[in-house]
Each structure stands twice: as structure tokens, then as C-alpha cells.
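In this chain, numbering begins with 1 at the start of the sequence shown. Both counts, for ligands and for their atoms, begin at 1 and track the order of listing.
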Amino acid sequence: MDNVIILRYSEIHLKGKNRAFFENILKNNILAKLSGIDCRAEFSYGRYVVCDYAASDEAVIVKRLKQVFGLFSLSKAKRTSSEPDDIFEAAKEICPAGGTFRVTVNRADKTLPYTSVWLASEIGGRLLSFNAALSVDLHDPQSSVFIDVRDRATAYVYSASEPCAGGMPVGSAGRGLTLLSGGIDSPVSTYMMAKRGLKLTALHFWSYPYTSMEARDKVIELAGILSAYTGEMKVLVVPFTKIQEAIHKYAESNYMITLVRRAMMRIAERVAEKYRCQCIINGEDLGQVASQTMESITVTNAVVRNLPVFRPLIGYDKIDIVDYAQKIGTYGVSIKPFEDCCTVFLPDSPVTKPTLRRCEINESKIENYDSLIDEAVDNLEVFVVPGK
Ligand code: ATP
Ligand code: MG
């Protein structure tokens, strides 16, 4: 009898002819996640199992597998032959010390010399004789013994399934450029799009010395937390100081934020194309601040010509985003008090209903605007955050 971990995948079974494509990416992501741990992963049709690991590594393997998008649930199980005696030995180990229970059998191999109903009552009966503190309740049991008999050589016996991260395997939906600010929202939007299968590259706008070294390091630290889910992630840091200074110098002050955000999106599209990203992602949330009104989003979006911009948080309440950030483990770092470049040269009353025409008039007043954008794109710094 071995200890194994059974893995179940989520939406991939809906994928029809493309299923092999999704499965291959998922397998590679699982293997990458388990690298460095002495264990083996077996991928047979519809049944993924991790085995041959030391008992002391089980907790870390489970923790890592729960961070792999595309997995729906897992079970710590005993693997035995299909012989009822072997199955009973395993069932004894996983059954509870007392209370009500039920045995549920799934029999994939219909040539076996017993039926599911027979095996369930046989193992249930033996467990009752083995432990007088147990009783059977088929309808609302306190615990369960699941027996999944695959073939003559193999049955799995387990008591529970634990939820995994769900979603689609990272890399199965293409690549996206995520705008990562160091605030609460953008790590969550990054996580959400990785969960839908995007491989991500992060882009951060950094206005040193108005924003500190710590502000940049904070973004890299956030990428480190996210990399448990996203795998290795490049963080591209764009020197943004000169652009902000130029906007501040030449443009109307109440348009400062709007124009900064348009510059960000212009640069983002250029960088996305350079790094072969097929979309841009940000953490905007309708109505949250002046730069996230319909009018602001319209004029910001207007500079992006070719790529879709995804805003997975657009309909979320802040309180729900905070909950999400806590759940994925980014909140504690996000609230470290380092300034983001959006707060540099902040006007007293930012425009909440900017017009495209005024944006364009203001931008035309900025000396060498296009070459400042080129320079920012050309001088970005690349940090590679390894997958955890
Ligand atoms: P966050 O909590 O993610 O910082 P926010 O509520 O502070 O968001 P804004 O500052 O208006 O909102 O930014 C909206 C989005 O623009 C952010 O979620 C992020 O995707 C992007 N963004 C803002 N500042 C930066 C930056 N310095 N570098 C990269 N992206 C940024
Ligand atoms: Mg912010």
C-alpha cells in the first residue's frame, strides 16, 4: 500500500479536441511545481497521481499543488490492489475513530469479480466489526470512505477531497502584460488573469527619486508572491520620471493623472508588442478614484490601438478586492506605505470627466513627447522573478 495524492482537473474536460493541448500544459506546470522534491507524477488517462514521496514532504507537495491553476481538487489516498483484503487494510487506516460513516465505491473496470454495491457493503461491514464506535449513515454521514477501483492492480482509498485553485493552466490562454503598481488591486487582477490561463509579464512604472527604491522592491516582492501561481514572471520596470516631469511642466494640472495614465497605456502597448503579449491587464475598478470614471477610462483606453485591455476588477467593490488580496497573500505587502507614481504631482482637483480633445491639446504642448515615450520603452529594466 502506498501513500499517493490524487489530482482532479477543472474545466479541461470541457475542451473536446483541444484537451491534449491543455493537459500537456497542466502536466508541465505540475512537474515544474514539484521540481526539487523527490517524488514522481503519473499521468494516465483522466487520472493524475503524485507518488513515491517521503511522508515528511507530503504537506509541502499538497501546498504547492494547491497553487497550480487547472487543478480542481486533490485527495490524499492509499493505493492498493483491487483485492478486498487490501482495500480493507487501507480503509482501516483512513476511517475515523468513531461516528457515522458511509462507503462509496466507484468501479472503472467493469470486468472485476464484484459489483460496487457488494464492495461497499463488504468494506462497510468489516469496518463496523473492526471498530465498535462506528455506525453507518448512508444519507448524512459524518465521514466518508471513498474507494475508486481503477483496474485489477489498482484501487485508491481516501476520505476527503480538498479544493485546489481551479481555473485554467497558466500558459494555455496565451500571454498578457499586467500593469503591477504595488497597490492592493493590481496583484489581484494579475492573479485573476493567471487563473484564466494567461502567462504574464509584469510592467511597473517607476518615478525615481519621487518614488523610492523600496517602492520598486515592493513590486518585485509582490511578483514573488504571485509567482507561486504564475510561475516565473518577468517584471519590467519603466523609468517614468521624465514623462511625469514633462506632463507636470506643460499640461493643465487637473489633467495630470489622466495624461499620466494615457502615457502608461501608450508605453504598455508598445512593451506588450515587444514582449509578445496579446493583451494588457490593469486593476481598474469603476468609480474607485478620479482616474477610474467612465470618461477617464474612455480617454485612457483611446491610446491603445491594437490590443484588448482587460480589467478583471471592474465590477468589484473595494472590500471584496481586499478580501481577495488577503486570500492570495498579497495584502500585507500591498499596504506597505510606499508611494506609487500616480501620487506624484497630484493635483488638488483632478478632472473626473476628461475629454479626448483636451487630452490631445495638452499632449501637443509637451515638448518631445513622442521621444520621451520611446526613451522610456528603450530603457526599461528587466527583473526575472523565479517561479516558487
Ligand atoms: P492599485 O491598487 O492596483 O494600485 P489603484 O486603485 O491605486 O490600483 P490607480 O492608481 O488608479 O488605482 O491605478 C489603476 C491601475 O493602473 C492599477 O491597478 C495598475 O494596474 C495600473 N497602475 C497604476 N500605477 C501603476 C504603476 N506605477 N505601475 C504599473 N501599473 C500601474
Ligand atoms: Mg495605485
**Prompt:** Any chance the side chains of Ser181 and Ser186 put a donor and an acceptor closer than 3.5 Å?
**Reply:** yes
**Asked** Between Asn362 and Arg262, is any side-chain donor less than 3.5 angstrom from a side-chain acceptor?
**Response** no
**Message:** For atom 11 (O) of ligand 1, tell me which residue out of Glu284, Arg216, Gln292, Arg311 has the closest non-hydrogen atom.
**Reply:** Gln292
**Message:** Under 3.5 Å between any N/O of Arg261 and any N/O of ligand 1: does that happen in this structure?
**Reply:** yes
**Fill in**
Taken to the nearest 0.5 Å, the spacing of Arg175 CZ from Thr201 OG1 works out to 4.0 Å
**Asked** What are the atoms of ligand 1, with element, lying closer than 4.0 Å to any heavy atom of His204?
**Response** 26 (C), 27 (N), 28 (N), 29 (C)
**Prompt:** Taking both backbone and side-chain atoms of Ser181, is any N or O found less than 3.5 Å from an N or O belonging to ligand 1?
**Reply:** yes
**Item:** Nearest neighbour of atom 21 (C) of ligand 1 from the list Ile281, Ile184, Leu179, on a heavy-atom basis
**Value:** Leu179
**Prompt:** Is the number of heavy atoms from other residues, nucleotides or ligands under 6.0 Å of Lys234 NZ greater than 12?
**Reply:** no
**Complete:** Quick note on ligand 1: atoms under 4.0 Å from a heavy atom of Gly183 include exactly 1 (P), 2 (O), 4 (O)
**Prompt:** Which atoms of ligand 1 sit under 4.0 Å from any heavy atom of Asn282?
**Reply:** 20 (O)
**Under 3.5 Å: N/O of Phe205 near N/O of ligand 1** = yes
**Item:** Within 45° cone and under 6.0 Å: Arg64 NZ/CZ vs Tyr53 ring
**Value:** no
**Item:** Shortest non-hydrogen contact between Ser75 and Arg8, atoms and distance
**Value:** OG-NH2, 2.8 Å
**Prompt:** For ligand 1, which atoms have a heavy atom of Leu203 less than 4.0 angstrom away?
**Reply:** 29 (C)
**Request:** For ligand 1, indicate whether the residue Val219 contacts it via side chain, backbone, both or neither (heavy-atom separation under 4.0 Å).
**Result:** neither
**Request:** Please indicate whether any nitrogen or oxygen in Gly283 is less than 3.5 Å from any nitrogen or oxygen in ligand 1.
**Result:** yes
**Request:** Could you tell me how the ring of Phe69 sits relative to the ring of Tyr229: parallel (under 30°), tilted (30 to 60°) or perpendicular (over 60°)?
**Result:** parallel
**Request:** Mark yes or no for whether Thr80, through its side chain, and Met1, through its backbone, hold a donor-acceptor pair below 3.5 Å.
**Result:** no
